[in-house]
Amino acid sequence: MTGQALSAYTTLRLGGPARQLVEAGSSAEIVAAVRAADAAGEPVLLVGGGSNLVLADEGWPGVAVLLRSRGVAVQTGYGAVTLTVEAGEPWDELITRVVGEGWAGIEGLAGVPGLTGATPTQNVGAYGQEVAETITGVRVWDRAGGRERVLAPAECELGYRDSVFKRSERYVVLAVTFRLRPQPLSGPVRYAELARGLGIEVGESAKLADVRDAALALRRGKGMVLDPADHDTWSVGSFFTNPVLGAVELVAFEARLPPGTGYPSWPADGGTKLSAAWLIERAGYGRGYGSGHVGLSGKHTLALTNRGGASTAELMALAGEIRAGVRRAFGVTLAPEPRLVGVTLG
């Protein structure tokens, strides 16, 4: 397929055409498509669920590979369940299955859009869980080495919405292996909002299905569960990550606040994590902000949405306006969470 618009494959419904589009239905087909493109000197764009991709209106000048491999291999023993999941397996379908089977460890990540192969790239996390807690290995195609490998968690360099896969195009994720616990209850619920939704105290456990349902309800309330009829969900979810400030940066930030102003924060590796949504709202960009074809979601200020008929250029202009406004107000520069392809954020 040639010249086909990639907007059909992104949750923003944005993005121009690819010079060539290849659908790969197995790991072998993914490897074959990438190897052929590399041999021909063609740039490669991997497209999964398109839920974390912001693509230029001009499109992609090389080969776009649609990841459509499916399959889940299950092993049990030693008090654990090990799942090796193909990259093209829909993530929320996997959550539904593991909760139904009574396997704990990722139930709080229900409703996260996209495919399983993308989860280590972003180190997907929500409501107190991250995939880094359960991933035991990632099978990849090593484009530099010309071979398949299994990377251990340390080699994946999983951090806050970060990994070696996000920072380098060397590896193509083919499958992800998770180690889950066969038990009817979740681990201790660490996220206060989720605990409130469950009617429990932070640190208590709940039935897996209840945790899944509560997480879905929270995400739906924020417009973070895909719904073709709801333009608030025509987004990439959170457009900006929560910033982490070092001690000196935190002092400078607090100096900009009126005396006695409180703000949400959490301890984090490298310093203190702030709420990007709080910063955006306090900088003057409330829910529904925007005009024309793009705007902030009416449900959550972290989601930049396509209201219909938008262009990527319009979306990026809004993102740039919000980032500049937060920087002016607080001296904090927000970092984009999705992958930006062919576009930059000033």
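Keep in mind that the numbers below use all heavy atoms, side chains included, and drop hydrogens, waters and symmetry copies. Residue indices begin at 1 and follow the sequence shown.
Looking at Ile106 and Val98, their side chains come closer than 4.5 Å, going by heavy atoms from C-beta outward. Within the 4.5 Å cutoff, no side-chain heavy atoms of Val236 are placed close to those of Leu53. Counting only heavy atoms from C-beta outward, the side chains of Leu66 and Val22 never approach each other to under 4.5 Å. The shortest distance between side-chain heavy atoms of Leu274 and Trp266 does not fall below 4.5 Å. Residues Val202 and Val189 have side chains not in contact (no heavy-atom distance under 4.5 Å, counting atoms from C-beta outward). When side chains are defined from C-beta on, Phe240 counts as touching Ile322, because their heavy atoms get closer than 4.5 Å. Between Leu151 and Phe165, some side-chain heavy-atom pair lies under the 4.5 Å cut-off. Side chains of Glu130 and Leu158 form no contact here, defined as non-hydrogen atoms less than 4.5 Å apart.
With hydrophobic clusters built from ILVMFWY side chains whose heavy atoms lie under 4.5 angstrom apart, Ile135 does not share a cluster with Tyr160. Val172 and Val150 are not part of a single hydrophobic cluster, where members link through side-chain heavy atoms under 4.5 Å apart. Connection of Ile280 to Leu345 is established within a shared hydrophobic cluster, with ILVMFWY side chains joined at heavy-atom distances below 4.5 Å, either directly or through further cluster members. Taken together through direct or relayed side-chain contacts under 4.5 Å among Ile, Leu, Val, Met, Phe, Trp and Tyr, Val54 and Val124 form parts of separate hydrophobic clusters. Note on Val47 and Leu55: same hydrophobic cluster, where clusters join Ile, Leu, Val, Met, Phe, Trp and Tyr whose side-chain heavy atoms are under 4.5 Å apart, directly or indirectly.
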From CA spacing to verdict: salt bridge (charged side-chain N to carboxylate O under 4.0 Å, His left out), Glu107, Arg212: CA-CA 5 Å; Glu107 61 281 348; Arg212 175 185 182 274; over 6 Å; no
In sequence, state the C-alpha distance, the side-chain angles, and the governing distance for Arg97 and Val72, and then conclude on side chain to side chain contact (heavy atoms under 4.5 Å, CB included). CA-CA 10 Å; Arg97 176 178 176 181; Val72 181; 3.6 Å; yes
Verdict with supporting geometry, Glu133 and Arg190, salt bridge (charged side-chain N to carboxylate O under 4.0 Å, His left out): CA-CA 14 Å; Glu133 298 168 348; Arg190 301 187 292 247; 2.5 Å; yes
Residues Ile30, Trp141; criterion side chain to side chain contact (heavy atoms under 4.5 Å, CB included); working and verdict: CA-CA 9 Å; Ile30 295 170; Trp141 172 251; over 6 Å; no
Check the pair Ser275 / Asn242 against side chain to side chain donor-acceptor pair (under 3.5 Å), numbers first and verdict last. CA-CA 5 Å; Ser275 165; Asn242 292 322; 4.6 Å; no
Could you walk me through whether Arg179 and Val81 satisfy the side chain to side chain contact (heavy atoms under 4.5 Å, CB included) test, starting with their C-alpha distance in whole Å, then the side-chain angles of each, then the deciding distance to 0.1 Å, before giving a yes or no? CA-CA 6 Å; Arg179 182 181 175 90; Val81 178; over 6 Å; no
Please determine whether side chain to side chain contact (heavy atoms under 4.5 Å, CB included) holds for the pair Val99 and Val211, giving the CA-CA distance in whole Å, both sets of side-chain angles, and the decisive distance to 0.1 Å. CA-CA 9 Å; Val99 168; Val211 174; over 6 Å; no
When you look at Glu93 and Thr96, which way does the side chain to side chain donor-acceptor pair (under 3.5 Å) test go after all the steps? CA-CA 5 Å; Glu93 289 184 20; Thr96 298; over 6 Å; no
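Between the side chain of Glu254 and the backbone N or O of Val251 there is no donor-acceptor pair closer than 3.5 Å. In this structure, Arg68 contributes its side chain and Gly88 its backbone to no donor-acceptor pair below 3.5 Å. The backbone N or O of Gly50 sits nowhere less than 3.5 Å from a side-chain atom of Thr10 that would complete a donor-acceptor pair. A distance-only check finds no donor-acceptor pair linking the side chain of His300 to the backbone of Gly223 [under 3.5 Å]. Judged by distance alone, the side chain of Asp142 and the main-chain N or O of Arg149 form no donor-acceptor pair under 3.5 Å. Counting only distance, with no hydrogens or angles, the side chain of Gln122 and the backbone of Pro120 share no donor-acceptor pair below 3.5 Å. The backbone N or O of Leu334 sits less than 3.5 Å from a side-chain atom of Arg323, completing a donor-acceptor pair. Looking at Thr272, its side chain never comes within 3.5 Å of a backbone N or O of Pro267 through a donor-acceptor pair. In terms of modelled atom types and a separation under 3.5 Å, the side chain of Ser69 and the main chain of Gly25 share no donor-acceptor contact. With hydrogens and angles disregarded, a donor-acceptor distance shorter than 3.5 Å links the side chain of Glu249 to the backbone of Gly246.
Summarising the geometry of Ala310 relative to Leu14, their closest heavy-atom pair is O-CD2, 3.2 Å, with the distance given to 0.1 Å. Taking every heavy atom of both residues into account, Ala24 and Val65 meet most closely at CB-CG1, 4.0 Å. Nearest heavy atoms, Ser235 versus Leu12: CA-CD2, 3.5 Å. Taking each heavy atom of Gly325 and Ala283 in turn, the nearest pair found is O-CB, 4.0 Å. When all heavy atoms are compared, the tightest approach of Arg219 to Ala110 is CD-O, 3.0 Å.
Heavy atoms of other residues, nucleotides or ligands lying less than 6.0 angstrom from CD of Glu169 number 12 at most. Around the NZ atom of Lys207, the shell of radius 6.0 Å holds no more than 12 heavy atoms that belong to other residues, nucleotides or ligands. Surrounding CZ of Arg35 are at most 12 heavy atoms belonging to other residues, nucleotides or ligands under 6.0 Å away. In the displayed structure, Glu321 atom CD is contacted under 6.0 Å by more than 12 heavy atoms of other residues, nucleotides or ligands.
The aromatic rings of Tyr127 and Tyr191 sit perpendicular to each other, their planes meeting at more than 60°, with 30° as the lower class boundary. Relative ring orientation between Tyr263 and Phe253 is described as perpendicular, the plane-to-plane angle rising above 60° on a 0-90° scale split at 30° and 60°. Ring orientation note: the planes of Trp234 and His231 are tilted relative to one another, at an angle of 30° to 60°.
With no hydrogens or angles considered, no side-chain donor-acceptor pair links Thr136 and Thr177 at under 3.5 Å. A donor atom on one side chain and an acceptor atom on the other are not found under 3.5 Å apart for Gln20 and Glu42. A side-chain donor-acceptor contact under 3.5 Å links Glu86 and Ser27. Side-chain contact of Asp57 with Thr312: a donor-acceptor pair under 3.5 Å is present, judged by distance alone. A donor atom on one side chain and an acceptor atom on the other are found under 3.5 Å apart for Thr333 and Arg327. At a cut-off of 3.5 Å, with distance as the only test, a side-chain donor of Thr301 or Glu281 sits close to an acceptor on the other residue.
Note that the CG atom of Asn306 and the OG atom of Ser311 stand 9.0 Å from one another [nearest 0.5 Å]. Note that the CE atom of Met316 and the CG atom of Leu304 stand 9.0 Å from one another [nearest 0.5 Å]. Taken to the nearest 0.5 Å, the CH2 atom of Trp278 stands 10.0 Å off from the OG atom of Ser265.
The pair Glu193-Lys222 meets the salt-bridge criterion, with a side-chain N (NZ, NE, NH1 or NH2) lying under 4.0 Å from an Asp/Glu carboxylate O. Glu148 and Arg143 are not joined by a salt bridge, as no carboxylate oxygen comes within less than 4.0 angstrom of a charged side-chain nitrogen. A salt bridge links Lys299 with Asp230: at least one charged nitrogen is closer than 4.0 Å to a carboxylate oxygen.
Taking the ring pair (Phe, Tyr, Trp, His ring centres under 6.0 Å) definition, one finds that Phe178 meets it with Trp91, sequence neighbours left out.
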